[in-house]
Amino acid sequence: MIITKLDIETIRQDFPILKRKVNGYPLVYLDNAATSQTPKQVIDVIVDYYTRYNANIHRGVHTLSQEATDAYENARIKVQKHINAAEPYEIIYTSGTTDSINLVANGFTSFLKNGDEILVSAMEHHSNIVPWQMLCERTGAILKVIPMNHEGELLIEEYAKLLSSSTKLVVCNHVSNALGTINPIEKIISLAHEVEAAVLIDGAQAAPHIKIDVQKLNADFYTISAHKICGPTGVGVLYGKEEWLSKLPPYQGGGEMIAEVTFEKTTYADLPHKFEAGTPNVCGGIAFGAALDYMNSLGYEAIARYEKELLEYATKELTSINGLKIYGTSVHKTSVISFNIEGIHPYDIGAILDKLGIAVRTGHHCAQPVMDYFKVPGTVRASFSFYNTKSEVDILVEGVKKAKQMLS
Ligand SMILES: *Cc1c(COP(=O)(O)O)cnc(C)c1O
């Protein structure tokens with residue numbers, strides 16, 4: 001297959017924010033794992049929506065409502081095709097990954113009993129830990145942890161030993177936001193299915209880097225946040241297999257999710273509307289579709305190849321700094337580098353980098369158990385996107401060296 005090479009300078013023109021200055025320096029945006037920037041192709045879609053056809057959907061007979069409904073439902077189909085779901089109604093719009101996970105955790109309340117087990121990986125984001133803990137509190141189910149090693153890789157043999165007929169759910173991220181590890185989820189899913197456990201994959205961090213095929217993976221649930229994949233905040237999806245989504249009870253009650261309401265009894269709408277109470281983020285959904293179009297216009301092979309180049313270059317350059325330690329050293333990684341410099345607090349490094357216009361994340365990255373495992377209060381995390389450049393890596397490395405000099 002011929003993989004076209006990305007023209008990064010042209011791509012950067014698509015992102016107006018990359019032209020701005022911070023503290024007098026050109027912005028070097030390396031916090032893509034927290035949220036990605038938005039190309040003008042997506043911004044234009046948002047402006048067009050509010051300029052031409054802002055309306056509530058699924059309700060009005062009028063033209064604007066029909067146009068908005070069509071665009072919103074068309075975006076659902078874009079998501080479906082993008083992740084190769086079998087049916088459009090297996091795509092539930094949510095406000096993002098956190099909301100998607102809570103929807104499933106809430107729905108499982110009536111399926112679990114005392115002593116049932118939920119397996120969760122050691123490298124989860126809090127949003128894929130806390131809802132399951134709350135579910136355990138409601139049901140008496142037990143949370144067990146799939147351990148990892150010092151490279152930041154899950155121990156699959158240990159995982160296999162944890163699985164039993166008591167395992168009802170396995171939840172795991174596809175890619176770790178704190179370490180960048182790409183987990184072997186195909187294997188994780190097939191092992192879980194051997195004991196008939198359902199699997200939820202948190203794909204928030206995978207979707208920007210990896211082309212997802214939920215049917216090939218055979219995931220029961222898969223979650224995505226639009227804002228990490230060039231879309232707007234406040235929208236995302238839950239993919240669920242039809243057999244699971246039809247079994248799960250509704251999440252929130254309200255308008256849109258009903259078939260018929262009387263004071264005696266309410267019947268629920270069919271999928272996907274059963275899970276979509278209230279006026280949704282119409283514009284956000286449409287813009288999410290545009291973001292997927294944008295990603296696909298670049299192509300995931302080309303994105304992955306370029307980001308790998310950036311990752312390897314940045315890893316090599318940062319490692320040359322004395323006392324710098326990287327957390328998450330699996331060979332299966334996306335372009336995320338979590339690091340610390342011996343004797344210096346990550347927050348102080350982040351603050352100095354910001355003075356130089358460099359945006360990185362510092363802290364526990366909503367993954368405190370990962371920090372506890374490595375016995376650090378937090379890390380500095382530089383996360384690269386396809387619009388970042390090698391010269392930005394150089395600026396980061398110079399900045400880190402300067403911070404080290406100032407702080408030690
Ligand atoms: C960002 C992120 C989340 C949370 O996503 P929201 O968009 O904040 O709901 C969950 N898991 C991972 C791995 C993430 O990177």
Side-chain angles (χ1 to χ4, degrees), residues 29-38 79 83 92-106 120-134 146 148 152-154 170-185 188 199-210 212 217 219 221-239 251 275 280-281 284-285 287-288 291-292 307 327-328 330 332-338 359-371 373 378-379 381-385:
Y29 186 77
L30 302 177
D31 195 17
N32 295 286
T35 205
S36 55
Q37 294 305 343
T38 316
V79 179
I83 64 171
I92 311 297
Y93 278 118
T94 63
S95 72
T97 288
T98 305
D99 192 27
S100 299
I101 294 171
N102 277 282
L103 188 163
V104 177
N106 199 72
V120 54
S121 101
M123 62 175 87
E124 294 310 305
H125 188 283
H126 295 161
S127 69
N128 205 21
I129 301 174
V130 183
W132 308 114
Q133 288 174 322
M134 292 162 72
I146 306 164
M148 67 174 168
E153 294 168 330
L154 293 175
V170 174
V171 303
C172 183
N173 56 38
H174 192 166
V175 170
S176 157
N177 65 305
L179 303 168
T181 313
I182 303 170
N183 287 312
I185 58 165
I188 289 168
V199 186
L200 177 139
I201 301 295
D202 167 355
Q205 210 59 242
H209 307 288
I210 297 169
I212 295 147
L217 292 170
F221 300 101
Y222 197 100
T223 68
I224 302 176
S225 295
H227 71 96
K228 291 189 176 165
I229 177 170
C230 294
T233 54
V235 66
V237 295
L238 168 69
Y239 159 79
Y251 179 32
F275 294 108
N281 185 347
F288 184 15
L292 294 179
E307 289 178 345
Y327 305 91
S330 173
H332 306 290
K333 252 186 97 164
T334 57
S335 44
V336 168
I337 303 182
S338 240
V360 294
R361 180 77 171 253
T362 65
H364 54 60
H365 317 297
C366 297
Q368 280 181 354
V370 175
M371 302 300 124
Y373 175 82
T379 68
R381 184 186 67 188
S383 50
F384 303 92
S385 176

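First listed ligand is number 1; within each ligand, the first listed atom is number 1. Because only heavy atoms are used, hydrogens play no part in the values below, and waters and symmetry mates are left out as well, while side chains stay in.
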Original post:
Can you name the nearest heavy-atom pair linking Ala178 to Met371, along with the distance?
Top reply: CB-CE, 4.1 Å
Original post:
Does a side-chain heavy-atom distance below 4.5 Å link Arg381 with Asn177?
Top reply: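 Of all side-chain heavy-atom pairs linking Asn177 with Arg381, at least one is under 4.5 Å.
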[atom]: which protein heavy atom is closest, and how many Å away?
{"atom": "atom 11 (N) of ligand 1", "answer": "Asp202 OD2, 2.5 Å"}
{"atom": "atom 15 (O) of ligand 1", "answer": "Gln205 NE2, 2.4 Å"}
{"atom": "atom 9 (O) of ligand 1", "answer": "Thr98 OG1, 2.5 Å"}

Original post:
Touching ligand 1 at all, His126? Heavy atoms, strictly under 4.0 Å?
Top reply: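 Under 4.0 Å: no for His126.
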Original post:
Is there a heavy atom of Asn128 sitting under 4.0 angstrom from any atom of ligand 1?
Top reply: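 Under 4.0 Å: no for Asn128.
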Original post:
Does Lys228 approach ligand 1 within less than 4.0 angstrom via side chain, backbone, both or neither, non-hydrogen atoms only?
Top reply: side chain
Say whether [X] and [Y], considering side chains only, have a donor N or O and an acceptor N or O under 3.5 Å apart.
{"X": "Asn173", "Y": "Asn128", "answer": "no"}
{"X": "Ser338", "Y": "Thr379", "answer": "yes"}
{"X": "His125", "Y": "Ser127", "answer": "yes"}

Is there at least one pair of N or O atoms, one from [X] and one from ligand 1, spaced under 3.5 Å apart?
{"X": "Asn177", "result": "no"}
{"X": "Ser225", "result": "yes"}
{"X": "Asp99", "result": "no"}

Original post:
Between His364 and His126, what is the ring plane arrangement, given parallel below 30°, perpendicular above 60°, and tilted in between?
Top reply: tilted
**OP:** Only heavy atoms count here, so choose which of His227, His125, Glu124 is nearest to atom 3 (C) of ligand 1.
**Re:** His125
Original post:
Could you give the distance from CD (Gln205) to OG1 (Thr97), rounded to the nearest 0.5 Å?
Top reply: 9.0 Å
